[in-house]
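Written out below as structure tokens is the structure these notes cover.
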Amino acid sequence: MTAFLKLLFRNRLAALGAVVLGLILVLVIITPLLPLADPNVTSTGDRFARPFTQGHLLGTDHLGRDLLSRLLYGTRLSLAVGIAAAVIAATIGSAIGIIAGYFGGRTDNLIMRGVDMLMAFPYILLALAIVAALGPGLMNALVAVAAVNIPFFARNIRGITVSLAGREFIDAARLAGKGHVRIILTELLPNVLPVIIIAMSTTVGWMILETAGLSFLGLGSQPPQADLGSMLGEARAALITAPHTSVVPGIMIFFIVMSVNLLGDGVRDALDPRLKSGALSRPRATTRVDRKDPAPTRPQQGALDLQDLETQFHVGARVYRAVGGVSINVAPGECLGIIGESGSGKSVTALSVMGLVASPPGVITAGAVKFEGEDLLSARYEALRRKRGDKVAYIFQDPLATLHPLYKVGDQMIEAIQVHHKVPRSQARARALDLFNAVRIPNAESRLDNYPHEMSGGMRQRVGIAMAMVNDPEVIIADEPTTALDVTVQAQILALLDDLRRERGLAIIFITHDFGVVAQLCDRVAVMYAGRIVEEGPTQAVLDAPAHPYTKRLIACVPELGGGRRRLEAIPGLPPVVDKLPAGCAFAPRCTKAAADCQRGEIGLDRQGSRAVRCIHPEEALA
Amino acid sequence: MTAPALRLTDLSKTFPLAKPLFAPAPPGVRAVRTMSFEVPKGETLGIVGESGCGKSTLARMLVGLLAPTTGTIEFGEAAPSPGDPAAFCKLIQYVFQDPISSLNPRKTIRQIMDAPLKQLYGMDRAERDKRVAEIFASVNLREEFLDRYPHEFSGGQAQRIGIARALAASPEIIVLDEPVSALDVSVQAQVLNLLADLRRTFGLTYLFISHDLAVVEAVSDRVVVLYFGAVVEIGRAETIFNAPKHPYTKLLADSAPVVGRPLTAPEQKGTELPDPLNPPPGCAFAGRCPRATDICRTEDPALRPMGDDQLAACHHPIED
């Protein structure tokens with residue numbers, strides 16, 4: 001709650017709205033206690049007195065009634081009616097929306113078509129029709145305004161409910177024996193409530209305006225009772241001769257609606273989880289690089305060389321050290337596997353290479369990425385952009401998320417070619433066709449004209465690979481490219497990648513959590529834990545004789561086909577959170593071999609020939 | 001021999017398609033084709049298959065979230081009316097694939113744990129607290145977690161809470177739908193071992209659904225292989241992947257990445273699943289099968305015994 005208020009008041013306009021609305025609310029609440037003239041006592045001798053005359057601070061109206069008193073009592077009424085209408089509309093509308101969304105099917109269809117019919121009328125016409133049917137009067141105006149706004153809530157809440165009703169926790173509640181009523185009240189409602197409040201806060205202003213509109217037309221409050229709309233309506237005749245009689249209620253309406261809307265927008269921004277997570281803030285085109293020390297000047301090894309790379313996420317006061325000094329390189333024609341659990345920093349390492357970590361919150365704080373003798377981290381954006389997808393290409397886990405759903409895959413391939421090379425469209429299409437054949441997509445010619453949703457997961461990932469190959473890159477970074485695929489398809493994709501690197505001398509960095517995949521595809525493997533490399537070496541050597549206790553334990557907990565029924569070796573505990581890393585070895589709290597010296601200070605990566613391990617009590621001495 | 005914990009008879013599920021305005025209704029998508037099998041008490045039955053093979057539809061029918069189109073589900077002596085979860089939930093419970101999304105984000109763990117105890121057994125506050133404490137102790141969770149909200153937990157902890165909730169209903173059978181596929185390998189092993197312990201302690205029967213053959217082999221007594229909504233092979237876990245009878249089981253086993261086996265794609269063609277809207281006649285696997293002949297493309301093979309304890313639905317099974 002305090003976090004919400006803090007967030008709300010960081011928005012200056014919302015704070016202003018809250019202050020103005022607060023003042024108005026206080027004023028109308030204490031109105032009966034103030035020494036004011038009776039708002040309904042006429043005195044025709046004093047009619048149209050100007051503001052600041054004796055006894056009438058804001059002057060009087062056409063019947064000589066005190067404007068200040070009428071204004072405050074009128075505001076009181078208008079606010080009460082507006083808020084009451086909002087609450088009624090929200091309650092009924094949300095109930096309709098929840099029922100339609102939860103039951104779905106025919107119920108949903110029936111209810112929502114009815115709501116659609118209501119929405120087909122212009123709202124003021126509908127309100128007029130309702131008042132005409134019920135007769136003029138403030139209560140009837142309230143009913144009309146509430147009824148007119150029910151469809152807005154019903155549609156909004158139904159949308160939210162539909163997405164929630166398909167979630168697993170609703171199934172879980174049914175399996176716990178809960179009935180429909182209980183599920184709606186105790187499972188759905190708490191999740192929908194913030195949305196209802198947001199929708200209400202943004203519509204109260206409208207409701208006040210609409211009530212004022214009806215009163216202005218003489219259909220709302222009846223004389224002598226004052227509300228803001230009827231005050232305006234009565235002052236209309238004297239608009240030229242006594243402008244203050246209409247300006248005063250006009251300004252009040254302006255203040256109320258303005259402050260309610262500003263506050264409502266603020267509440268929405270502060271409550272909406274998408275806005276809170278910063279998803280709508282635009283990240284920069286490349287990751288911010290902020291190096292305290294000069295970049296390493298070691299000469300480049302292999303096709304791509306990461307030197308002491310450090311990437312952090314700065315979220316508020318917290319610093320997450322996602323990548324803490326990683327050095328790896330990959331030679332042409334070689335496949336390097338990076339293996340680790342979620343949160344070990346393997347994906348962030350890969351994304352840092354081409355400056356693809358979202359910034360904010362990501363910051364590269366140290367190290368260098370050497371490619372073609374240059375440091376990519378120091379490169380200007382334009383130079384980096386030309387290399388992205390051209391010299392260094394990525395393959396991501398979910399091809400459905402990386403392909404644009406509205407363009408044909410062939411057109412997306414052609415675009416990728418033409419961004420980097422000035423070639424005619426027909427030539428680009430021929431190249432795309434070649435690549436589709438190279439990644440063994442059957443009927444390549446007709447497949448070019450497919451949309452992504454028309455292809456299976458395996459076919460889409462082939463398109464993803466073909467797209468990465470478009471400009472004959474030197475390095476491909478594949479981030480869990482087969483995790484979302486079925487095993488039979490995974491085997492095909494892995495074989496394809498293996499062929500491609502042998503035929504074309506590609507350097508591949510293959511990120512995965514699966515030892516079986518690493519063993520089959522990769523020449524060398526680097527094991528990451530809590531943002532650092534804990535072991536590196538030729539795949540066979542590491543798998544046969546893991547030196548780091550983490551590697552050994554990790555291999556042991558992966559069941560392997562053909563082992564029969566057995567108990568698995570689990571690693572107790574959880575990986576550490578990278579904003580509070582312990583001193584020394586991050587694995588020590590879960591390690592059976594940990595000694596006092598493990599957590600004392602920095603442990604270096606001990607390199608012996610082709611192998612390296614970051615451990616002072618390794619399982620095997622490195623030869 | 002005692003009655004099996006679970007018996008499926010001619011179970012199938014067809015999802016109807018919307019009827020076009022001026023044409024007869026299309027036949028519908030057969031997500032699960034007619035299948036019958038039994039699960040003895042105390043057994044872990046693994047169910048494997050690739051995406052789209054009907055695993056999840058089968059699971060949802062078993063726990064009563066979905067009414068079957070044909071067939072019956074019997075639990076020992078009881079046969080609750082299909083499609084009514086309330087009748088099923090004391091007999092069979094479900095553990096979801098995504099542990100976080102199966103917990104209501106706006107409820108404390110205590111409220112989540114209380115729900116089945118209150119709804120199904122009508123326990124009062126004191127009884128509930130005692131029972132929740134017992135369950136939490138059995139899944140190695142600390143009681144201080146009870147007043148926290150789901151987002152404060154890691155995937156592994158949340159999955160233990162999901163298992164604890166299933167246990168709260170005191171079921172005899174638990175359907176585990178990919179219970180570890182969202183977890184990291186080091187945590188996956190913790191959860192699998194916990195499940196094995198619970199099964200022994202409470203005498204549970206498991207249906208363990210997964211796409212990971214190695215995991216299924218490590219935890220199951222028997223394994224059912226599904227393809228395109230139908231059972232293609234049933235056998236003991238130790239033998240089914242080592243000596244498969246059905247070519248599809250062999251393809252699955254050959255595709256699983258194994259340390260020390262050279263990389264080969266067991267099928268080179270870009271083969272895909274058959275179109276569920278327009279299923280082929282005969283064996284659904286015939287289009288991908290190296291052993292397929294004419295009979296496979298016309299006649300649907302029936303499940304028949306092959307060797308001891310193994311059944312396969314194939315016209316040309318692999319003989320060793």
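Not measured: the values here are computed from a predicted model.
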Counting only heavy atoms closer than 4.5 Å, note whether [X] contacts chain A via side chain, backbone, both or neither.
{"X": "B:Asp98", "value": "both"}
{"X": "B:Gln157", "value": "side chain"}
{"X": "B:Asn104", "value": "both"}
{"X": "B:Ala166", "value": "neither"}
{"X": "B:Ala169", "value": "neither"}
{"X": "B:Ser154", "value": "side chain"}
{"X": "B:Leu192", "value": "side chain"}
{"X": "B:Ala218", "value": "both"}
{"X": "B:Val219", "value": "backbone"}
{"X": "B:Thr239", "value": "neither"}

Chain B contact via [X] - which portion, at a heavy-atom distance below 4.5 Å:
{"X": "A:Asp514", "answer": "side chain"}
{"X": "A:Ala519", "answer": "side chain"}
{"X": "A:Val558", "answer": "side chain"}
{"X": "A:Arg553", "answer": "neither"}

Tell me yes or no: between the side chains of A:Thr488 and B:Glu50, is some donor less than 3.5 Å from an acceptor?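 On atom types as modelled, these side chains qualify, holding a pair under 3.5 Å.
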In terms of side-chain heavy atoms, does A:Arg167 have a donor or acceptor partner in B:Ser102 at a distance below 3.5 Å?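 No - no donor-acceptor pair under 3.5 Å links their side chains.
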Residue, of [options], that accumulates the most heavy atom pairs under 4.5 Å with chain B:
{"options": "A:Leu164, A:Thr186, A:Val518", "result": "A:Thr186"}
{"options": "A:Ser342, A:Pro572, A:Ala173, A:Gly179", "result": "A:Ser342"}
{"options": "A:Lys178, A:His513, A:Glu569", "result": "A:Lys178"}
{"options": "A:Leu193, A:Ile571, A:Asp171", "result": "A:Asp171"}

Within the structure provided, determine whether [X] and [Y] are in side-chain contact (heavy-atom separation under 4.5 Å).
{"X": "B:Pro150", "Y": "A:Phe169", "answer": "no"}
{"X": "B:Ser255", "Y": "A:Gln490", "answer": "no"}
{"X": "A:Val487", "Y": "B:His211", "answer": "no"}

Tell me, out of [options], who's got the most heavy-atom pairs with chain A below 4.5 Å.
{"options": "B:Glu238, B:Arg60, B:Gln111, B:Gln97", "value": "B:Arg60"}
{"options": "B:Gly49, B:Gly155, B:Pro105, B:Ala237", "value": "B:Pro105"}
{"options": "B:Gly162, B:Pro171, B:Ser220, B:Ala196", "value": "B:Ser220"}
{"options": "B:Ala168, B:Ser186, B:Gly156, B:Pro116", "value": "B:Ser186"}

Under 4.0 Å between a Lys/Arg side-chain N and an Asp/Glu carboxylate O for B:Asp197 and A:Arg567?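 Salt bridge: yes.
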Looking at A:Glu187 and B:Lys107, is there a salt bridge between them, counting it only when a charged N and a carboxylate O are closer than 4.0 Å?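 Judged by the 4.0 Å cut-off on N to carboxylate O distance, B:Lys107 and A:Glu187 do form a salt bridge.
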Contact summary for A:Leu561 and B:Ala256, nearest pair of heavy atoms: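 Distance-wise, the nearest heavy atoms are CD2-CB, 4.0 Å.
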I need the minimum non-hydrogen distance between B:Val185 and A:Glu341, along with the two atoms involved.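 Smallest interatomic distance, heavy atoms only, reads N-OE1, 4.3 Å.
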Between CZ of A:Arg182 and NZ of B:Lys118, what distance do you get to the nearest 0.5 Å?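 One finds 7.0 Å between CZ of A:Arg182 and NZ of B:Lys118.
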Report the C-alpha separation of A:Glu560 and B:Glu217 in whole Å, then their side-chain angles, then the decisive distance to 0.1 Å, and conclude whether the side chain to side chain contact (heavy atoms under 4.5 Å, CB included) test is met. CA-CA 9 Å; A:Glu560 208 173 273; B:Glu217 189 197 48; over 6 Å; no
Among residues at least two apart in sequence or on other chains, which ones pass side chain to side chain contact (heavy atoms under 4.5 Å, CB included) with B:Leu91?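 With sequence neighbours excluded, B:Leu91 shows a side chain to side chain contact (heavy atoms under 4.5 Å, CB included) to B:Phe75, B:Ala78, B:Pro80, given in chain and number order.
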Residues which pass side chain to side chain contact (heavy atoms under 4.5 Å, CB included) with B:Lys90, listed by chain and number, not counting sequence neighbours: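 Applying side chain to side chain contact (heavy atoms under 4.5 Å, CB included) to B:Lys90 gives B:Leu120, B:Tyr121.
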Begin from the C-alpha positions of A:Leu175 and B:Phe96 and carry the test side chain to side chain contact (heavy atoms under 4.5 Å, CB included) through to its verdict. CA-CA 11 Å; A:Leu175 292 174; B:Phe96 293 86; 4.2 Å; yes
